[in-house]
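FYI, side chains are in, hydrogens and waters are out, and symmetry mates aren't considered; it's all heavy atoms of this structure. Numbers restart at 1 for each chain; the letters A, B, ... are given by sequence-line order, proteins then strands.
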Amino acid sequence: MSNIRLENITRRFGEIVALDDVSLTVQDGEFFVLLGPTGAGKTTTLRVIAGLEKQNAGHVIFDAHSMDDAQPADRDVAFVFQQYSLYPNMSVYDNLAFPLRSPLRKTPEAEIKQRVTDAAEKLRINHLLERKTARLSGGEMQRVSIGRAIVRSPRVFLMDEPLSNLDAKLRESLRVELKHIQKVQHSTTVFVTHDQIEALTMADRIGVLDRGKLLQVGTPQDIYDRPATTFVAQLVGTPRINLLRTARNNGALNISHSDLTLSAGHENLPNDLLLGVRPEDVRLVNDGQFEGVITLIEPLGVETIVHIRNGEQTLLSTIAGNVQVRIGEAVRFNVVPDRIHYFDIDGKRI
Amino acid sequence: MATITLDNVEKKFGEAYAVKPLNMTINSGEFVVLLGPSGCGKTTTLRMISGLEAVTAGSIRFDDRDVTWLHPSQRDIAFVFQFFALYSHMTARQNIAFPLQAAGLSKTEVTRRVDDVAALLRIRHLLDTRPGSLSGGDQQRVALARALVRQPAAFLMDEPLGALDAEFRETMRAEIKRLHIQQNATTVYVTHDQIEAMAMGDKIVIMSRAEVQQAGTPAEVYYDPSNLFVARFIGSPGMNLIEGAYSSGTMLLPGGNTYTVPDAWRKALEMSLPDSGKVILGFRPEAVVVSPEGALNSVVYADDLHGGYSMLHLELPDSSIVHARVGREFSFPIGAPLQFDVDPQMVRFFNPVTEKAIRLNGGEA
Amino acid sequence: MTAATQAPGAPGSPVVISTRVDKVGTRPKVIGAIRAVIAIIIAFIMLIPVIWMAMTAFKSRPEAVSAPPVVFFTPTLEGFASLLTQRRQATTAEIAAELERTDLNWMEQIALSRGQLVIGQSAFLRQLLNSVVITGLSTFFSVTFAVLSAYAFSRFSIPGKDDLLFFILSQRMLPAVVVTIPIFLMYRTLGLHDTHVGMILLYTAFNLSFAVWLLKGFIDEIPREYEEAALVDGYTRLQAFRKIVLPQAATGIAATTVFSAIFSWNEYAFALMLTSDLARTAPPSIPLVLGVGGIEWAAIAAGSLAFLIPAVILTFVLRKHLLRGVTFGAIRKG
């Protein structure tokens with residue numbers, strides 16, 4: 001296993017800048033997740049690390065060795081694709097053995113057998129080894145893809161949304177399995193996803209990308225509790241964070257188009273700002289400081305999302321379990337004061 | 001708005017059932033969600049209601065009008081597709097007006113109704129744009145407007161949010177629900193996303209293998225699933241299910257854990273257990289109470305932060321996994337031993353042979 | 001409140017229009033049966049010329065030209081005998097002598113029954129063999145080159161790629177007949193006239209443009225991830241191409257093979273202009289099967305039938321791929 005360093009990577013496709021001066025370090029044994037919306041440059045970053053794409057500027061360094069001129073085959077990375085990477089004309093066994101049979105490695109067949117069986121056991125696919133890959137379910141296919149990466153013990157695992165084509169239940173269970181295997185194997189992993197839950201639940205550290213720029217790098221707690229920008233704040237957490245345009249009036253904060261006011265003590269904030277409140281920090285209480293009217297109730301079972309309107313502002317609140325309120329009902333609520341996020345008008349955290 | 005009645009409706013392709021004989025009433029003004037994994041028959045059911053698919057047997061009524069063999073255009077329904085089905089060579093306004101023009105309404109009337117519905121969906125500023133330059137969410141708004149403008153007897157929606165990004169999906173979910181509350185239109189909505197179903201439905205009809213598994217309110221299907229399929233399918237993750245052997249008030253779980261059955265359940269279990277004494281214990285992840293005095297032993301397999309809360313994945317002695325939803329302040333290293341209990345209010349039991357839920361009165365669901 | 005109870009045109013009344021209709025509400029079994037019957041009728045109409053040709057091939061000379069045409073007749077191999085032999089009119093003495101012989105083969109017997117003598121084999125079998133050789137090799141070369149260039153066009157960024165692709169296609173826009181004379185002159189100078197090499201070269205060139213386009217479509221559909229996975233796994237580009245892309249492109253290659261082969265097999269104009277004897281293929285010679293004293297329709301039909309068979313066999317062998325090839329895009333999405 002190795003650590004990976006990207007230094008000032010820029011990648012352009014014609015006029016489009018896919019990666020703009022991205023620098024980051026992935027530690028040995030770390031589970032690093034690149035999170036961002038479609039077109040953010042996540043996959044390009046991964047492909048640059050793998051050598052499938054060549055950067056226009058900057059350096060890719062594994063341990064202390066520059067990989068800038070190395071072919072994909074020479075970088076000793078394993079790549080798990082979103083889909084389509086199993087060879088349909090081969091059995092599961094041959095798919096798993098394929099990397100070991102490469103002319104670079106020329107592993108003896110006896111050892112191949114040993115390693116394929118080991119990996120298959122780890123991923124609980126040993127009963128599938130003789131099967132043609134076309135006859136596998138989506139979950140089985142992705143297990144085999146991951147197995148093909150594990151079988152080689154490469155320096156780095158690169159995974160490009162490997163779970164996104166699976167149904168929700170399968171995604172949940174594979175997510176847990178993958179995280180467990182990574183922790184037990186202590187393998188350096190770079191994992192790309194647009195799914196914030198995957199990022200939060202699996203990562204040691206998350207790098208948030210948007211339009212080719214790295215916005216924030218941090219642990220899941222950092223990203224969730226101290227988002228650097230409103231973009232990051234909105235990217236993680238379901239339902240999304242409440243963002244409220246707010247004006248400062250001396251020490252008090254007036255939330256625009258509503259009669260919600262936060263009392264004094266905010267003198268050092270700018271005049272115009274955005275206030276972020278996560279839905280779980282909006283609490284319905286009988287003697288709450290603020291009032292509003294319920295406009296919508298979404299009972300999800302484990303929790304209920306309640307839409308509360310005040311003036312023209314709607315706040316979402318998540319409440320554990322089932323809630324005994326009705327649409328149109330007037331309610332009182334509080335926000336947890338030390339969990340309010342402040343952003344300037346350009347979206348930067350204050 | 002119509003009441004839709006399905007009377008022994010079935011659909012066969014060759015010998016295979018796509019939908020087994022189905023009886024269902026969708027009351028006027030109700031929002032009913034057909035929920036299930038792909039291939040469960042939910043879309044076929046919707047298409048039979050719309051007339052896009054012919055029934056093999058049975059009859060469909062809108063109020064007292066038998067529509068079983070009517071052409072879709074004669075049923076007075078509006079269908080919203082997953083892929084919008086907007087006409088790309090027309091502006092949003094022309095798209096919305098299209099069904100009205102087909103009906104030969106006067107020009108002023110068309111303009112008035114298009115403007116009304118556009119205001120309702122907050123897309124007035126987009127009316128002169130073509131679908132190609134609209135975002136996914138706005139395209140689906142236009143498609144909804146085209147359906148709404150006709151004021152049909154029923155709305156049929158086939159995964160209308162399926163093609164949208166997660167961020168739009170949440171917003172649109174609330175918007176469609178809000179629209180429904182305003183318009184009170186009979187709506188049948190198909191989805192495979194249980195969160196969407198829970199959030200939107202007045203009633204949820206859960207289907208699997210061409211059959212209805214359970215029909216009920218979101219709270220009913222979440223807290224009192226009628227069988228193992230529903231217990232697993234609803235909730236993310238689904239209900240924890242552990243099979244064990246019951247005898248005189250306790251359950252012996254695989255791997256050596258012993259669970260003391262709450263008093264209220266003992267009679268019910270003794271009445272309805274199969275001879276083997278096997279029973280399945282079920283509880284939701286939020287019912288797990290981590291405590292050093294807990295009766296059940298486990299080892300931490302993985303633990304992850306979900307933002308507002310954490311999910312612990314606990315490995316039981318027989319290496320099965322139990323999911324536990326806990327406060328975000330909980331964090332444990334992988335491999336740490338952990339004791340827990342289950343909130344007695346939140347336990348449910350299932351018969352492992354019939355896979356059906358055992359009710360407190362001793363009957364089966 | 002339903003549509004039925006409301007006056008049409010009243011404010012807020014429902015408007016009845018057609019939503020998108022994929023299946024009309026009629027019972028499906030009846031539709032299935034009707035569809036089958038229609039398909040059979042269409043297939044029969046399409047096959048009439050082929051059936052007629054097959055029948056004519058087994059007719060005797062008077063039956064073949066009789067009007068109105070005969071539908072029921074006793075099959076004879078007369079047409080095939082005429083196709084495969086050269087004959088001349090026999091004198092009475094020769095007929096008598098022939099009748100004495102007991103070692104006559106079936107062709108000689110048929111000739112004798114019409115008062116003719118077999119004086120040698122016709123060129124038909126050799127021409128058929130020419131067709132097989134020229135078609136086989138030209139198909140092989142065009143598909144091989146096309147796979148390689150289609151792969152390159154599909155996967156690499158080549159300067160002026162779109163223009164090059166158009167240039168390749170533009171060759172196809174040229175009516176072949178226009179260039180027969182220039183090519184004829186060129187071939188005569190180069191010594192390629194009436195040679196197998198010349199014909200193989202020509203057909204390869206002609207098939208190539210179409211084959212490149214067809215195969216590029218197929219290779220475009222093969223996800224890059226397959227090869228990239230192999231690249232990362234330690235294989236070179238060429239190895240990945242051989243082990244991953246080729247097996248996956250089998251369907252496309254089969255379809256392209258059939259189309260190329262059928263083109264070369266049926267080609268008439270160039271064959272007529274550029275070959276005379278040694279390299280002459282079957283198509284230009286079949287219509288020239290002249291019997292003694294008039295056109296031998298049965299022989300022409302027999303030749304056409306014999307000529308049809310290899311194409312049918314090829315298509316039959318590759319039919320699974322061909323069908324999958326036609327529905328390729330549709331299946332991928334499912």
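- Scanning all heavy atoms of the two residues, the minimum distance from B:Asp304 to A:Lys179 falls at CB-NZ, 3.7 Å.
- Within 6.0 Å of atom CZ in A:Arg339, more than 12 heavy atoms from other residues, nucleotides or ligands are found, so the atom counts as buried in its surroundings.
- The local environment of CZ in A:Arg226 is crowded, with over 12 non-hydrogen atoms from other residues, nucleotides or ligands closer than 6.0 Å.
- Contacts of B:Asp303 with chain A are made by backbone atoms alone, with heavy-atom separations under 4.5 Å and no side-chain atom involved.
- Between chain B and the residues A:Glu280, A:Glu303, A:Arg240, the largest count of heavy-atom pairs under 4.5 Å involves A:Arg240.
- In terms of heavy atoms, A:Thr201 sits closest to B:Leu305 at CG2-O, 3.3 Å.
- With a threshold of 4.5 angstrom between heavy atoms, A:Arg171 does not approach chain B through any atom at all.
- Between chain A and the residues B:Arg325, B:Gln194, B:Met311, B:Met200, the most heavy-atom pairs under 4.5 angstrom are made by B:Arg325.
- Here NE2 of B:His313 is found 10.0 Å from OG of A:Ser173. Values are rounded to the nearest 0.5 Å.
- Separating the CD1 atom in A:Ile305 from the CD1 atom in B:Ile195 is a distance of 8.5 Å, to the nearest 0.5 Å.
- Within a 6.0 Å sphere centred on CD of B:Gln182, other residues, nucleotides and ligands contribute more than 12 heavy atoms.
- Only the side chain of B:Pro218 comes within contact range of chain A, judged by heavy atoms closer than 4.5 Å.
- A donor-acceptor distance shorter than 3.5 angstrom exists from the side chain of A:His180 to the backbone of B:Tyr301, with no hydrogens or angles considered.
- Contact count against chain B (heavy-atom pairs under 4.5 Å) is highest for A:Val302 among A:Leu200, A:Leu296, A:Val302.
- Rounding to the nearest 0.5 Å places CD1 of A:Ile297 at 7.5 Å from NZ of B:Lys177.
- Heavy atoms closer than 4.5 Å to chain B are found in the side chain of A:Asp225, but not in its backbone.
- Within 6.0 Å of the CZ atom in A:Arg211, the count of heavy atoms belonging to other residues, nucleotides or ligands does not exceed 12.
- Your options are A:Asn322, A:Val176, A:Ile197, A:Asp167, and the one with the most heavy-atom pairs under 4.5 Å with chain B is A:Val176.
- Neither the backbone nor the side chain of A:His194 comes within contact range of chain B, judged by heavy atoms closer than 4.5 Å.
- Here CD1 of B:Ile321 is found 8.5 Å from CD of A:Glu177. Values are rounded to the nearest 0.5 Å.
- Between B:Ser236 and A:Glu172, the shortest heavy-atom contact is CB-OE2, 2.9 Å.
- Within the 4.5 angstrom heavy-atom criterion, no atom of A:Ile223 approaches chain B.
- Between chain A and the options B:Glu170, B:Arg178, B:His192, heavy-atom pairs under 4.5 Å are most frequent for B:Glu170.
- Of all the heavy atoms in B:Gly238 and A:Lys169, the pair that sits closest is N-NZ, 3.7 Å.
- Contacts of A:Thr238 with chain B are made by both backbone and side-chain atoms, with heavy-atom separations under 4.5 Å.
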